Amino acid sequence: MSTSASTIFVDREEPKRTFERAVFAIPEDSAIIRTWYGVGGQGKTALARELFRMSSKEADPSFAHLRRAMLDLHGRPKTDPDRLMVWVRNAFARSGVAFRAFDLAFAVMWEKTRGEEPMPTFESPWLHRTGEAVTDALPEVITLTREFIEETAGTVPVLGYLLKRGSGWAIDRGKAAWIKQTHAQLQALYRDGQMIANYEMSALMPWMLAQDLNRHIADYPDERFVLFVDEYESVMEGAGTGARWRENPFDASMRTLVAETNGLLATFFSRERLPWEEDADWRDDLVGNQHLLGGLADGDADAWLRKVPIEGETIRAAIIEGARETQNAGDPIYPLMLDLQVEHWRNLGDAAVPKDFHVEATGFEPRRLQLVQRLLRDYDAPIQEVVSRLSVAQRFDRPAFAHVVTMYNIPLAFSAFEQVTDLSIMSIDEDGWAAPHRAIADAIVQSTGDEFVMESREALLDHYAERALPGRAADVTDKTVACFAEAARLRRQKGIDGYVEWLEETGKKLEEAQRSRFLEHIWREAFEHARAALGEDHPDTGASYNNVASNLDDQGRYEEAEPLYQKGLEIRRAALGEDHPDTGTSYNNVASNLNARRRYEEAEPLFRKGLEIRRAALGDDHPYTGVSYSNVASNLDDQGRYEEAEPLYQEAVRVLQSLPEGHPWREGAVINLEACQTKIIGRKGSRSNGASVEK
């Protein structure tokens with residue numbers, strides 16, 4: 001495997017001096033921020049890696065006081081703020097920081113809100129699941145038992161919750177004493193003696209992580225933290241500017257972490273400036289601290305090529321001229337274009353001559369395109385085709401590679417996946433996902449015909465969508481989520497028409513698996529696209545309001561959901577009419593939200609309206625009508641009006657008997673009817689005994 005030229009760092013003295021000044025100015029009681037931004041191909045990733053390398057105590061003892069963490073977001077989904085906190089935690093854990101309170105709090109949050117999902121892996125964990133394999137390399141552990149929890153009563157309140165959940169947990173024996181120091185932090189999980197609501201848990205995790213970092217600074221006041229975050233622009237994709245970026249939960253978690261952490265230098269590498277500067281709370285911190293990273297000067301580019309090494313002076317000069325932004329002498333040289341030229345030089349070998357690196361095109365985009373097309377021609381035809389087809393995807397893994405090879409009868413073995421991911425234009429992460437450099441992938445897609453792009457997109461869309469819909473919700477994994485995210489991106493490229501309906505269908509298993517935090521991002525993104533492309537009053541926009549609200553309901557965030565449900569109902573009434581089944585669904589959704597908040601009397605007429613619409617539009621024997629009968633009955637049941645509820649439950653049971661045996665709607669209707677009848681019998685018995693009836 002050849003080494004990509006992009007792994008070679010060319011001295012950029014000003015960014016290095018800026019970083020060094022910042023490192024030695026990190027305050028003990030707050031955080032500071034530095035950002036380097038610029039268009040793709042400027043070498044931001046190389047700069048991040050070099051600053052990380054040069055700030056190690058091995059490279060320079062004057063940096064021995066730093067605890068450094070590198071967070072590379074290339075190819076990672078940026079939709080789940082809980083996982084973001086785990087990535088940051090693990091990066092700092094590798095530098096020797098302990099996370100006593102965060103690990104406990106995160107375990108409780110995960111059990112309470114996402115218990116069906118496998119727990120993310122922690123580096124140097126303080127907690128172990130006893131059901132996992134325990135090797136000889138692990139320290140002796142103390143299993144969480146009732147006796148151990150009684151010993152720590154009043155100091156570690158959350159341990160009792162973990163035990164009650166029935167999950168097997170253990171703590172390293174050598175760390176058990178330290179657990180008691182987490183008392184003050186863990187109290188934040190409680191309010192008035194009760195654990196906070198589920199929907200509040202996730203938002204607390206950045207603060208909890210910051211408190212562990214702050215404890216480290218308190219214990220070691222001479223030390224400081226540096227967090228490197230690469231490709232941060234991908235976090236803000238779809239968020240835009242103005243108020244919308246503030247609603248991005250992934251970014252909000254990062255902002256909270258930075259704001260709450262002491263002794264931290266947070267460095268971001270991005271195509272765009274941090275939009276935080278639009279916020280008065282961050283504006284002063286960012287003034288003068290967001291630095292444009294431009295192209296290379298001739299001397300730096302020549303130094304880069306010498307390090308490859310390319311010995312011939314005339315070859316180096318030709319490569320540099322072809323890597324300029326334009327044909328004009330003295331214009332900046334793009335590191336990405338240098339990388340493409342160097343890869344072409346490697347492929348040519350000893351046969352390379354200066355004219356091989358000449359670029360006729362004038363502007364940056366056509367020059368980049370010419371270099372990409374030239375590089376593709378260096379590869380064998382099968383490699384050219386598979387790379388070109390996979391470039392329509394943001395990222396791909398081995399099964400996606402195999403699907404493309406099979407679908408188009410490309411003469412490559414599946415084992416050629418490694419050959420493709422070894423190309424300099426590719427990167428691959430620890431989970432096996434490969435990604436072409438985005439600027440290069442865009443140029444490849446631009447260089448192929450529309451028909452080629454469309455059929456490649458359809459093939460990968462079908463592949464990822466199928467993997468996003470496993471047979472059972474229990475089979476949903478992180479890979480499933482990643483496939484759904486990629487499928488959604490590919491489907492959106494086809495246009496917004498039908499996109500919302502496609503999301504509702506393809507996301508069913510993820511919804512059943514309670515991947516609510518991930519889906520919230522997807523639904524909000526769909527809403528923004530529908531509103532921008534179709535308008536505020538379009539039915540798909542109304543459906544998107546409903547989907548975001550339903551997701552918030554699933555997270556217990558009922559107050560946030562209600563105005564969105566109301567807006568969705570308003571749009572559907574105007575766009576579809578009062579008697580449309582979808583309007584009936586919106587009435588039912590608003591009512592369900594009110595009912596969940598015990599506003600039963602407000603919910604009742606809306607439930608009845610939904611039933612009326614469904615009976616008229618779908619008929620008395622449709623399953624949705626049966627659900628509406630059950631909803632009205634349940635509302636009356638909640639109000640203690642059991643005798644009124646019983647005949648409606650009976651009607652729901654009659655209608656829903658048409659569903660397959662074991663269907664949750666059918667089973668639920670029977671259970672609800674029997675429970676209601678038991679209450680009626682109990683009430684009659686109370687009356688016969690002369691007892692008062694509770695209203």
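All of these numbers come straight from a predicted model, not from anything done at the bench.
Across all their heavy atoms, L286 and E277 have their closest contact at CD1-N, 3.5 Å. Nearest approach of A352 to I315, heavy atoms of both residues: O-CD1, 3.8 Å. The two residues V405 and L412 come nearest to each other via the heavy atoms CG1-O, 3.4 Å. Closest non-hydrogen pair, A393 versus R438, comes out as O-NH1, 3.3 Å. For the pair T121 and V86, the tightest heavy-atom approach, listed with the atom from each and the gap, is O-CG1, 3.8 Å. Smallest separation of non-hydrogen atoms from I444 and S391: CD1-OG, 3.5 Å.
No more than 12 heavy-atom neighbours from other residues, nucleotides or ligands sit within 6.0 angstrom of CG on D450. Heavy atoms from other residues, nucleotides or ligands lying under 6.0 Å from CD of E272 number 12 at most. Within a 6.0 Å radius of CD in E313, no more than 12 heavy atoms belonging to other residues, nucleotides or ligands are found. The neighbour count for E466 CD, taken as heavy atoms of other residues, nucleotides or ligands under 6.0 Å away, does not exceed 12. Within a 6.0 Å radius of CD in E512, more than 12 heavy atoms belonging to other residues, nucleotides or ligands are found.
Looking at F19 and R34, their side chains never come closer than 4.5 Å, going by heavy atoms from C-beta outward. The side-chain heavy atoms of L469 and E505, taken from C-beta on, include no pair separated by under 4.5 Å. Side-chain contact between S202 and R517: present, with at least one pair of heavy atoms (C-beta onward) separated by less than 4.5 Å. For the pair L519 and F484, the minimum side-chain heavy-atom distance is below 4.5 Å. Inter-residue side-chain proximity for L369 and S447 is flagged as met; some heavy-atom pair is nearer than 4.5 Å. Looking at heavy atoms from C-beta onward, W276 lies in side-chain contact with M254 at the 4.5 angstrom threshold. Between V235 and F268 there is no side-chain heavy-atom pair separated by less than 4.5 Å. Counting heavy atoms from C-beta on, the side chains of F364 and R324 never come closer than 4.5 Å.
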* Worked verdict on Q341 versus R346 for side chain to side chain donor-acceptor pair (under 3.5 Å) -> CA-CA 9 Å; Q341 291 274 60; R346 292 185 194 280; over 6 Å; no
* Any chance you could lay out the side-chain contact (heavy atoms from CB on, under 4.5 Å) test for L336 and H437, step after step, and finish with the verdict? => CA-CA 9 Å; L336 169 66; H437 189 292; 4.0 Å; yes
* Asked: Run the salt bridge (Lys or Arg N to Asp or Glu O under 4.0 Å) check on R457 and D462 step by step: do they pass?
  -> CA-CA 9 Å; R457 180 189 297 135; D462 291 344; over 6 Å; no
* Take R389 and E385 through the test salt bridge (Lys or Arg N to Asp or Glu O under 4.0 Å) and record every step on the way to the result. => CA-CA 6 Å; R389 292 197 181 277; E385 181 174 3; 3.0 Å; yes
* Please report the C-alpha distance between D378 and H344 in whole Å, then the side-chain angles of each, then the deciding distance to 0.1 Å, and finally whether the side chain to side chain donor-acceptor pair (under 3.5 Å) criterion is met. => CA-CA 7 Å; D378 289 343; H344 183 51; 2.6 Å; yes
* Asked: Given S55 and V226, is the side-chain contact (heavy atoms from CB on, under 4.5 Å) satisfied, shown in steps?
  -> CA-CA 9 Å; S55 59; V226 183; 5.8 Å; no
* Take R398 and E418, measure what salt bridge (Lys or Arg N to Asp or Glu O under 4.0 Å) needs, and give me the verdict at the end. => CA-CA 9 Å; R398 189 181 297 273; E418 279 77 15; 2.3 Å; yes
* List the steps and the verdict of ring-ring contact (aromatic ring centres under 6.0 Å, His included) for W523 and Y545. => CA-CA 8 Å; W523 295 138; Y545 271 112; over 10 Å; no
* Let me see the working for D540 and I496 under side-chain contact (heavy atoms from CB on, under 4.5 Å), right down to the final yes or no. => CA-CA 9 Å; D540 282 2; I496 196 63; 5.8 Å; no
* Stepwise, does the side chain to side chain donor-acceptor pair (under 3.5 Å) test hold for R377 with Q384? -> CA-CA 7 Å; R377 289 194 296 270; Q384 284 187 47; over 6 Å; no
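For an aromatic pair to be called close, the ring centres must be under 6.0 Å apart, and Y37 with H291 fails this. The distance between the ring centers of F414 and F401 does not fall below 6.0 angstrom. In this structure, W36 has its ring center at least 6.0 angstrom away from the ring center of F228.
Using a 4.0 Å cut-off between a side-chain N of Lys or Arg and a carboxylate O of Asp or Glu, E458 and K494 qualify as a salt bridge. Remark: E511 does not engage K508 in a salt bridge, criterion side-chain N to carboxylate O under 4.0 Å. One finds no salt bridge joining R524 and E528 here, because no Lys/Arg side-chain nitrogen approaches an Asp/Glu carboxylate oxygen to under 4.0 Å. Remark: D80 engages R114 in a salt bridge, criterion side-chain N to carboxylate O under 4.0 Å. In summary, E525 and R492 engage in a salt bridge, as defined by a charged side-chain N under 4.0 Å from a carboxylate O.
A donor-acceptor pair is defined here as one N or O able to donate and one able to accept, closer than 3.5 Å; no such pair exists between the side chain of N551 and the backbone of N547. Between the side chain of N546 and the main chain of G542, no donor-acceptor pair closer than 3.5 Å is present. Distance alone, capped at 3.5 Å, places no donor-acceptor pair between the E536 side chain and the R531 backbone. The backbone N or O of R316 lies less than 3.5 Å from no partner atom in the side chain of R306, so there is not a single donor-acceptor pair. When atom types are taken as modelled, the side chain of D380 and the backbone of I383 share no donor-acceptor pair closer than 3.5 angstrom. Without hydrogens or angle criteria, T506 side chain to L503 main chain gives no donor-acceptor distance under 3.5 Å. With S253 contributing its side chain and P81 its backbone, the two residues share no donor-acceptor pair below 3.5 Å. Judged by distance alone, with hydrogens and angles left aside, the side-chain atoms of K78 form a donor-acceptor pair with the main-chain N or O of R76 at under 3.5 Å. One N or O on the side chain of Q327 and one on the backbone of E360 form a donor-acceptor pair closer than 3.5 Å. For H358 (side chain) and G322 (main-chain N/O), no donor-acceptor pair under 3.5 Å exists by modelled atom type.
Rounded to the nearest 0.5 angstrom, Q394 CD and R489 CZ are separated by 4.5 Å. Atom NZ of residue K479 and atom CZ of residue R467 lie 5.5 Å apart, to the nearest 0.5 angstrom. One distance of note links OG1 of T35 with CG of L293; it measures 12.0 Å at 0.5 Å rounding. A distance of 10.5 Å separates CZ in F518 from CG in D478, rounded to the nearest 0.5 Å. Taken to the nearest 0.5 Å, the CG atom of L371 stands 9.5 Å off from the CD1 atom of I440. Rounding to the nearest 0.5 angstrom, the gap separating the CG atom in L257 from the CG atom in L227 is 7.0 Å.
Between the side chains of Y232 and D251, at least one donor N or O lies within less than 3.5 Å of an accepting N or O.
A side chain to side chain contact (heavy atoms under 4.5 Å, CB included) with R515 holds for exactly one of D554, V476, T480; it is V476.
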